Structures are given as structure tokens and as C-alpha cells.
Amino acid sequence: MMDAKHATLVHWFRKGLRVHDNPALSQIFATANVAPEKFHVRPIFILDPGILDWIQVGANRWRFLQQTLDDLDQQLRQLHSRLFVVRGQPVDVFPRIFKSWRVELLTFETDIEPYALKRDAAVQKLAKDAGIKVDTHCSHTIYNPELVIAKNMGKAPITYQKFLSVVEQLKTPKVLELPEKLSKKALPPKDEVEQHDEAAYDCPTLQQLVKRPEDLGPNKFPGGETEGLRRMKESLRDELWVARFEKPNTAPNSLEPSTTVLSPYLKFGCLSARLFHQQLKEILKRQPKHSQPPVSLIGQIMWREFYYTVAAAEPNFDRMVGNVYCLQIPWQEQADHLEAWTHGRTGYPFIDAIMRQLRQEGWIHHLARHAVACFLTRGDLWISWEEGQRVFEQLLLDQDWALNAGNWMWLSASAFFHQYFRVYSPVAFGKKTDPQGHYIRKYVPELAKYPNGCIYEPWKATLADQRAYGCVLGVDYPHRIVKHELVHKENIKRMSAAYKVNREVRTGKAEDSPEADRSVAGKRKVAKSTGNAAKRKR
DNA sequence: AGTATGTTGCATGT
DNA sequence: ACATGCAACATACT
């Protein structure tokens with residue numbers, strides 16, 4: 001039976017899968033170490049086995065999580081604790097453990113995603129009903145989105161520069177050291193843990209999480225805090241590279257990543273954004289000649305902060321309809337084109353190479369994301385950014401609700417970015433940094449024998465040449481599904497028309513068209529200012 | 001009302 | 001490596 005004189009302190013891991021710079025975890029450890037004879041400590045992660053069947057997570061992402069949990073357990077064991085993986089749904093799990101563990105304090109890191117807010121509110125209520133104290137800490141981002149919004153007079157700043165000017169007025173939080181090792185008395189006794197069901201709290205295995213092992217690609221970016229910290233150190237070793245970093249000058253199609261690939265670690269919180277930011281600041285102090293946001297490395301972290309802030313203010317951030325930021329654009333469904341894009345069969349080698357790298361490895365360069373996102377939406381296929389978002393959500397190791405939706409809106413010129421007449425060429429863009437097409441040859445190997453002159457445009461090869469290169473279009477590799485030079489011009493016109501409609505709705509010109517008003521407005525100003533909308537303009 | 005600005009376009013020049 | 005025209009957007013600020 002449970003030792004009657006012990007209460008339990010619980011830290012709930014969700015994101016923030018690390019022991020360094022983790023205020024909510026540190027609070028538990030510090031509280032226990034003050035009175036170790038009184039408290040047992042249980043850091044938990046809740047895994048709902050039912051989630052495997054419906055959530056949009058591909059095999060590579062499950063592997064990343066599984067490796068991350070394993071590593072987290074190891075890190076906790078070095079601090080004389082361990083990870084308790086509890087199976088079930090939070091609303092079922094907590095009432096159970098509150099009682100059986102005699103929980104006195106629960107801590108966790110705050111999140112902004114709508115489903116997380118709902119979940120956390122439910123757990124907060126359960127804790128309150130059970131008389132259990134809950135403490136939360138904001139440590140997934142450098143700045144608390146709520147504070148940024150408050151500082152900007154209750155509204156999220158919708159331009160990057162404005163965002164920067166707001167956060168410059170805020171303090172950057174202190175980065176925490178590792179928590180002190182847990183007093184051995186504070187670890188629940190082994191027999192008590194095992195009595196429940198031996199191995200019931202163990203980390204999930206790869207076999208348990210990955211339903212389709214055939215989808216696993218090469219493990220180029222293993223999950224975990226240890227690997228995240230190692231990767232950060234490696235990225236920061238060359239201080240001149242750090243100081244001179246300018247994102248637009250990095251190649252989207254190098255065979256080895258031209259950027260840090262810290263995004264998956266930041267997404268799961270294996271690496272603290274606050275620590276990375278602090279380390280960059282220190283390097284830049286020693287390197288007075290350095291690049292600036294938005295293109296610098298600190299600028300990249302600030303994009304993450306920016307998207308978290310705007311997303312925190314809009315529950316419909318991942319949808320077009322009812323989204324305060326998002327222009328309403330009449331995208332069209334076209335299942336065969338979406339399918340071709342999704343699986344790298346558009347007939348544009350650069351686009352297909354990127355989509356295949358994404359599927360195999362779970363990470364593609366940011367500019368590669370631009371190229372394929374523009375292609376799917378306003379550039380070529382005229383398919384909704386929400387479709388692309390879904391595919392990225394499944395495949396990207398760094399998939400993050402706020403960043404994924406924000407970037408899709410950006411690229412589709414639906415929000416934050418509006419120069420829709422700047423269209424990426426699926427042929428020209430990649431040539432700049434890889435004129436020989438090494439990247440295409442790797443990820444679209446059927447084209448490997450094509451000469452440099454037509455590796456980006458295989459349709460320019462004659463049938464005889466196609467045979468000679470061992471890859472006939474329409475047989476071994478698809479014909480291109482659209483002619484970019486034609487459709488991109490038509491699509492610019494469609495964008496122009498869509499912008500015009502949105503403008504009219506915004507300024508009240510289309511008040512006699514109630515359907516348009518409803519669909520476009522959502523929460524836009526026009527919805528509540530119908531009275532003076534007419535006199536505001538014209 | 002007018003102007004400056006905006007993470008990373010392309011094609012065609014020098 | 002940098003300059004220009006292309007057609008032309010929203011936002012912030014004056």
C-alpha cells in the first residue's frame with residue numbers, strides 16, 4: 001500500500017520534453033528537495049493509445065516522439081527520477097492518479113493551441129474539485145504571447161516589425177539551470193510502482209507507436225533533448241557562420257542541410273528556445289559585425305515567437321473561414337493534382353524532389369517549403385493552403401500548429417504577406433543554388449541520367465533523348481500536370497480578383513451581399529461596424 | 001491622401 | 001554581383 005505519510009508532486013510533460021530550462025519541472029524538484037521525507041515526485045507523460053488511429057502523425061514523427069521520451073526518461077534518471085508514461089486520456093487519467101497517488105501539486109507548461117487550452121481547462125477544473133494546487137509556467141516561447149498581446153493594447157501585432165518593437169519593451173526571461181538532483185527519498189519506492197503493473201509506466205516502444213514501419217525513413221534527426229543540445233552546440237561552434245547567417249542566402253536544395261535543423265527540437269521543447277536565444281545573444285556580443293532580424297538566426301527564433309503570438313489570439317488560426325487574419329480566397333478542389341503534389345508526382349522535378357525528401361526524412365529547408373507551398377496554392381495548382389497544411393502536419397518532424405498554419409497563410413498570400421505577384425518558379429528557383437541538379441538526382445533518381453540542361457525541365461528532352469536517359473515521360477516519370485508559364489499568370493489575376501472582393505467587403509462596399517459578408521468577415525471589423533462601414537470609405 | 005516598407009520572385013540587363 | 005521593369009498587394013505612419 002501507499003506510504004500514508006507521502007504526498008505526490010506531479011509534473012505533466014506535453015511539449016517542453018526536456019529537463020533543462022524547465023520551470024514547471026524545477027518547481028516540483030525544488031519543492032520535493034526541501035522536504036523529501038514528505039513528497040514523492042512523479043514526472044508524467046500521458047499517452048492516449050486511441051490517438052494513434054486518428055491523429056495526423058506519420059511514422060517519422062512517431063519515431064521522433066518515441067526517441068524523445070526515451071531520452072527524457074534517461075535525463076530524469078540522471079537526476080534520480082524517471083518518466084512515468086501513463087496510458088489514457090488526461091480527463092480519465094488525472095482523477096485516478098490524483099486519488100491513488102495523493103497528489104498535492106501539479107505543474108505544467110502552458111500552451112496556446114485550442115485543443116490544449118480546452119484539455120488544460122478541463123484538467124484545471126478536475127484539480128480544483130479535488131483540492132489540488134496547479135502551477136503553470138510559460139516556457140515554450142521566449143515571450144508569453146498573452147503578455148505581448150497585452151503590451152500591444154490587447155491585439156496581436158500583425159507585422160513582424162511591429163512584433164519586434166513590442167517585444168523589445170519586454171524582459172527576456174532568465175534561463176534556468178538544471179534542477180538539483182532529486183533526493184533519493186523522493187522517488188516512489190520501486191515495489192509501489194511495480195505493484196500497480198510492472199512496466200505500466202514504461203516508455204512506449206517504436207513498435208507500439210509506429211503502425212506502418214514501412215513508412216519510416218532514414219533516421220537523420222533523432223529525437224531527444226540530448227540530441228537537441230548536441231545539435232545546438234554543433235550549430236553554434238562556428239561563430240562567424242552564426243554572425244553572418246542570412247536565411248535568404250541559404251540553399252533550399254543542398255544535400256546536407258544549410259540551416260541548423262533545430263526546428264524539430266524546438267517544436268517538442270527538447271531544446272529551449274530561451275536557451276538558444278541566450279546563447280545566440282552571447283555569441284553576437286563577441287561578434288559585433290552580424291546580421292539582423294528578420295534574416296539572422298535570432299530573427300528565425302523571432303518568427304517562431306511572432307507566429308505563436310498571432311496564433312494565440314485566433315482559435316481558427318488553422319482555417320480560412322472565421323479566421324481574423326485570413327483572406328477568403330476561392331480555392332478549388334482537384335483531387336488528382338493534390339495527390340500528385342502530395343506524393344511528388346507533379347512532373348516538376350524540383351517540386352517532386354522536395355516533396356519526396358519531406359516524406360522520407362521529415363524535414364525540408366524553409367525555402368523549399370516556400371517553393372512547394374506556392375506551387376500548391378497561388379502559384380500553380382490553386383488548391384487551398386489547408387490541404388497543404390494537412391500534408392505537412394503529417395510529415396514534418398517540426399510540425400507546429402502555429403508555425404505551420406502561419407507559414408501556409410504567408411506563402412499563399414492569405415495573411416501577413418501580400419505581394420502575390422511574386423511567384424516562385426518551380427524551374428528557376430532551384431537552379432540558382434543547384435544548377436547541376438544534384439538534389440533532384442538524389443530524390444528523383446529516375447531522372448538521374450538527365451543532363452544539367454533539362455534536369456529541371458525534362459519535358460524539353462526529345463523522346464529519343466528520354467529513352468537514352470532511361471526515363472520516358474508518362475511512363476517512368478509523369479508529364480507535368482500544369483504549365484507554370486501559363487497558370488501562374490492566370491492565378492495572379494485570380495488573386496487580384498480575390499483581393500478586390502476582400503477589400504470591398506472590408507470597406508463595406510459589398511454590404512448588399514450578405515453571403516460574402518458572412519464568409520469573409522468572420523470576426524473582421526466589418527462584422528461589428530456595419531453601421532458606419534458605409535461612411536468609412538467612399 | 002500620400003509615402004515608405006515589407007524575411008527570401010523572375011527575367012533581363014549591366 | 002547588382003539594377004531595372006514587371007504589376008501592384010496591405011500595413012503603418014505621417
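Chain A is the first sequence line, chain B the second, and so forth, proteins listed ahead of strands; every chain is numbered from 1. This one's a predicted model, so the numbers in the text were calculated from it and none came from an experiment.
- In this pair, A:H484 and A:H488 present their aromatic rings parallel. The plane angle is below 30°, not in the 30 to 60° band.
- The salt bridge (charged side-chain N to carboxylate O under 4.0 Å, His left out) pairs that include a residue from residues 363-383 of chain A are A:R369-A:D398, where partners are two or more places apart or lie in different chains.
- Every residue two or more places apart in sequence or in another chain that forms a salt bridge (Lys or Arg N to Asp or Glu O under 4.0 Å) with A:D111 is listed here: A:K15.
- Comparing B:dT7 with C:dG5, their C1' atoms sit 23 Å apart, to the nearest whole Å.
- Of the residues in residues 273-300 of chain A, those placing a heavy atom less than 4.0 Å from an atom of DNA chain B are A:P294, A:V295, A:Q300, in numerical order.
- A:E234 pairs by the side-chain contact (heavy atoms from CB on, under 4.5 Å) definition with A:R230, A:R237, not counting sequence neighbours.
- Contacts between residues 428-444 of chain A and DNA chain B, counted as heavy-atom distances below 4.0 Å, involve A:A428, A:F429, A:K432.
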Dot-bracket notation for DNA chain C is requested: 5' to 3', Watson-Crick or G-U wobble pairs only, both distances under 3.5 Å, with ( ), [ ], | and . as defined. ||||||..||||||
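- Qualifying side-chain contact (heavy atoms from CB on, under 4.5 Å) partners for A:A24, counting only residues two or more places apart in sequence or in other chains: A:H11, A:N22, A:T107, A:H137.
- Contacts between residues 244-267 of chain A and DNA chain C, defined by a heavy-atom separation under 4.0 Å, are absent.
- Between the side chains of A:S139 and A:E109, at least one donor-acceptor pair of N or O atoms lies under 3.5 Å.
- For DNA chain B, the contact window with chain A, defined by any atom under 4.0 Å from a protein heavy atom, covers B:dG6 to B:dA11 in 5' to 3' order.
- The distance between the ring centers of A:F429 and A:H370 does not fall below 6.0 angstrom.
- No side-chain donor-acceptor contact under 3.5 Å links A:H277 and A:T172.
- The distance between the ring centers of A:W408 and A:F392 falls below 6.0 angstrom.
- Within the structure, side-chain hydrogen bond (donor to acceptor under 3.5 Å, both in side chains) pairs that include any residue of residues 467-481 of chain A comprise A:Y348-A:R480, A:D352-A:Y477, A:R480-A:E485 (at least two apart or interchain).
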Between the protein and nucleotides 2-6 of chain C, which nitrogen or oxygen pairs come in under 3.5 angstrom?
none

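- At the heavy-atom level, A:Y420 lies under 4.0 Å from the strands shown only through sugar-phosphate atoms.
- Each salt bridge (charged side-chain N to carboxylate O under 4.0 Å, His left out) pair with one or both residues in residues 274-283 of chain A, not counting sequence neighbours, appears once here: A:D21-A:R274.
- A:I158 comes within 4.0 angstrom of sugar-phosphate atoms only, judged by non-hydrogen atoms across all strands, and of no base.
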